[in-house]
Amino acid sequence: MANTLGAVIVGASTLLGKELIDELNNSQTEWDLRLVDADDSEGQLVAGGDEPLVVQPMTPDVFDGRDVAFFAGSELTTRAHWREAQMAK
């Protein structure tokens, strides 16, 4: 029986973010993905397997309840939010 892992992809609308989404959706592990962006990509649809996924805005609780955070955006965004991911509940 496979466990589902929860992940946040920060920078989901970038090319790297989209490639990461594809790789995770094609992996043997089942992922519950939360897609976020720090810029004005909020509401953008990103292909995620068989269905489109919506990019959410960056909020203080975006990392809560997630097992892992992937940073696929800019260095500035990563530097601004990595501690929030590390401290998430």
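Please read these numbers as outputs of a predicted model, since none were measured by experiment. Residue numbers start at 1 and run along the sequence shown.
Hydrophobic cluster membership of Leu16, counting Ile, Leu, Val, Met, Phe, Trp and Tyr whose side-chain heavy atoms lie under 4.5 Å apart directly or via other members: none, as it forms a cluster of its own.
At least one donor-acceptor pair under 3.5 Å links the side chain of Arg34 to the backbone N or O of Val62.
Side-chain contact between Leu35 and Ile21 is present, with at least one heavy-atom pair separated by less than 4.5 Å. Between Met58 and Phe63 the shortest side-chain heavy-atom distance falls below 4.5 Å. In this structure, Thr78 and Val10 have side chains that are not in contact, with every pair of non-hydrogen atoms separated by 4.5 Å or more.
The same ILVMFWY cluster, assembled from side-chain heavy atoms under 4.5 Å apart, contains both Leu53 and Leu5.
When all heavy atoms of Thr77 and Ala38 are compared, the pair lying nearest together is CG2-CB, 3.8 Å.
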Let me see the working for Val8 and Val36 under side-chain contact (heavy atoms from CB on, under 4.5 Å), right down to the final yes or no. CA-CA 7 Å; Val8 175; Val36 298; 3.7 Å; yes
Would Thr29 and Thr4 count as a side-chain contact (heavy atoms from CB on, under 4.5 Å) here? Give the steps. CA-CA 7 Å; Thr29 302; Thr4 300; over 6 Å; no
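With sequence neighbours excluded, the residues forming a salt bridge (Lys or Arg N to Asp or Glu O under 4.0 Å) with Arg66 are Asp32, listed by chain and number.
Rounding to the nearest 0.5 Å gives a distance of 7.0 Å between OG1 of Thr14 and CG of Asp37. Expressed to the nearest 0.5 Å, how far CD1 of Ile9 lies from CG of Leu24 amounts to 5.0 Å. In this structure, the separation between CG on Leu20 and CG on Asp22 is 9.0 Å, given to the nearest 0.5 Å.
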Please output the side-chain donor-acceptor pairs of residues 82-89 that fall under 3.5 Å, not counting sequence neighbours, one pair per line with the distance.
unit_1	atom_1	unit_2	atom_2	d
Glu84	OE1	His81	ND1	3.2
Glu84	OE2	His81	ND1	3.1

